[in-house]
Amino acid sequence: MRAAASSQVFVGDPGQPLLTDEDVHHLSRVLRLRDGEEVIAADGQGHWARTVWRGSAALEPATPGTGIGGDGAVQEEARTEPALTVAFAPVKGERPEWVVQKLTELGIDRIVPLRSERSIVRWDGARGEASVEKLRRVAREAAAQCRRVWLPEVCDTVDFADLRALGGPGEVVLAQLSGDRPTLAQRVVAVGPEGGCSTDELASGLPTVGFGLSVLRAETAAVTAGALLASLRTGTVAAAGGPAA
């Protein structure tokens with residue numbers, strides 16, 4: 001139902017959607033919506049409503065209509081369980097934004113920039129805060145594009161030493177070429193920097209998971225981790241030793 005809409009926006013209250021100037025510009029100037037086209041209004045916390053664009057910077061309830069939410073009433077969607085997290089060490093250029101965009105599209109619930117010993121890109125102080133805020137904007141745009149009604153949490157940068165605090169016992173794992181097959185019991189996957197994790201980090205005692213026989217670029221490994229976790233959660237990919245999908 002949501003995929004059939006022309007666009008999606010995030011608002012404070014889907015029942016009474018108020019658009020920002022940026023939203024109005026996107027709908028009217030970028031997408032060039034016509035009067036009466038459907039727009040999903042979501043709050044990022046699982047609530048959403050079907051609305052129609054009226055061409056005057058306003059959204060109205062999509063009524064009368066058919067299907068779920070056809071009367072314009074606010075709908076609620078439960079968060080998918082278990083919650084999944086991917087932590088990754090940012091690399092140079094715009095690739096961190098690409099990683100966040102793809103992890104958002106895949107349905108990852110929490111995205112964590114990681115500070116590792118061998119990290120080339122260092123997000124500290126004001127620069128780090130600005131970089132994380134940019135990632136949050138990217139996540140918001142990607143969530144709207146793929147019709148997610150739950151926004152992913154994009155966390156502040158964490159140190160490698162604090163990884164264990166992101167999950168319960170056995171849930172936090174480190175991506176490594178020689179690692180075991182990932183399972184859904186491992187709900188937090190951390191991907192190191194371009195040069196790999198340091199000897200001390202590898203000796204931290206965190207379990208490791210692998211994604212095949214090739215050495216992947218850091219950003220590829222992060223998205224691969226997200227794709228595998230999300231596919232295990234939905235049953236699209238069967239767990240090792242389990243029934244065929």
Side-chain angles (χ1 to χ4, degrees), residues 1-11 14 22-23 26-27 30-31 33 38-50 68-69 75-114 131-157 166-167 173 175 182 184 186-191 209 211-212 216-238 245:
M1 185 65 67
R2 294 197 299 270
S6 297
S7 184
Q8 177 172 307
V9 293
F10 286 104
V11 295
E22 184 178 355
D23 289 331
H26 183 70
L27 296 175
V30 179
L31 297 182
L33 295 190
E38 187 165 317
V39 177
I40 300 298
D43 67 357
Q45 296 297 311
H47 302 95
W48 61 278
R50 293 169 61 185
I68 298 173
Q75 308 297 307
E76 183 174 2
E77 181 175 305
R79 186 190 291 275
T80 305
E81 297 291 344
L84 303 175
T85 298
V86 173
F88 73 99
V91 295
K92 295 179 180 179
E94 298 180 353
R95 285 179 285 174
E97 292 99 84
W98 180 83
V99 170
V100 169
Q101 181 188 68
K102 301 312 171 189
L103 291 177
T104 300
E105 292 175 13
L106 289 166
I108 298 304
D109 303 285
R110 183 172 55 173
I111 303 169
V112 184
L114 176 64
S131 297
V132 171
E133 281 303 316
K134 184 174 183 180
L135 295 187
R136 288 173 179 148
R137 291 194 297 272
V138 170
R140 188 181 183 92
E141 293 169 1
Q145 186 276 327
C146 67
R147 305 299 192 268
R148 280 186 65 168
V149 294
W150 282 94
L151 279 169
E153 177 186 6
V154 179
C155 299
D156 293 332
T157 305
L166 296 179
V173 296
L184 197 53
Q186 301 155 340
R187 301 175 183 180
V188 181
V189 176
V191 177
V209 295
F211 307 136
L216 303 179
R217 295 178 68 103
E219 67 271 22
T220 306
V223 174
T224 300
L228 287 173
L229 288 180
S231 296
L232 285 167
R233 180 171 66 179
T234 60
T236 306
V237 171

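Positions are given from 1 along the sequence.
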Using a cut-off of 6.0 Å, state whether more than 12 heavy atoms not belonging to [X] lie near its atom [atom1].
X	atom1	answer
E22	CD	no
E133	CD	yes
I68	CD1	no

Measure the [atom1]-[atom2] distance between [X] and [Y] for me, rounded to the nearest 0.5 Å.
X	Y	atom1	atom2	answer
S6	I40	OG	CD1	9.5 Å
L232	Q186	CG	CD	9.5 Å
I111	L135	CD1	CG	8.0 Å
Q101	E97	CD	CD	9.5 Å
T85	E153	OG1	CD	8.0 Å
F10	D23	CZ	CG	10.5 Å

Which heavy atom in [X] sits nearest to a heavy atom in [Y], and how many Å separate them?
X	Y	result
A218	V191	O-CG1, 3.6 Å
P14	A41	CB-O, 3.4 Å
L184	L229	CD1-O, 4.0 Å
L103	R148	O-NH1, 4.2 Å
L106	G226	CD1-C, 3.9 Å
V100	A139	CG1-CB, 3.8 Å

Between the main-chain N or O of [Y] and the side-chain N or O of [X], is there a donor-acceptor pair closer than 3.5 Å?
X	Y	answer
Q8	C146	no
R187	A83	no
W48	E77	no
R110	V188	no
R2	V149	no
R79	D109	no

Close side-chain approach of [X] to [Y], heavy-atom, < 4.5 Å:
X	Y	value
P152	I108	no
V91	P96	yes
V223	E219	no
Q145	E105	yes

Verdict with supporting geometry, L27 and S7, side chain to side chain contact (heavy atoms under 4.5 Å, CB included): CA-CA 8 Å; L27 296 175; S7 184; 3.6 Å; yes
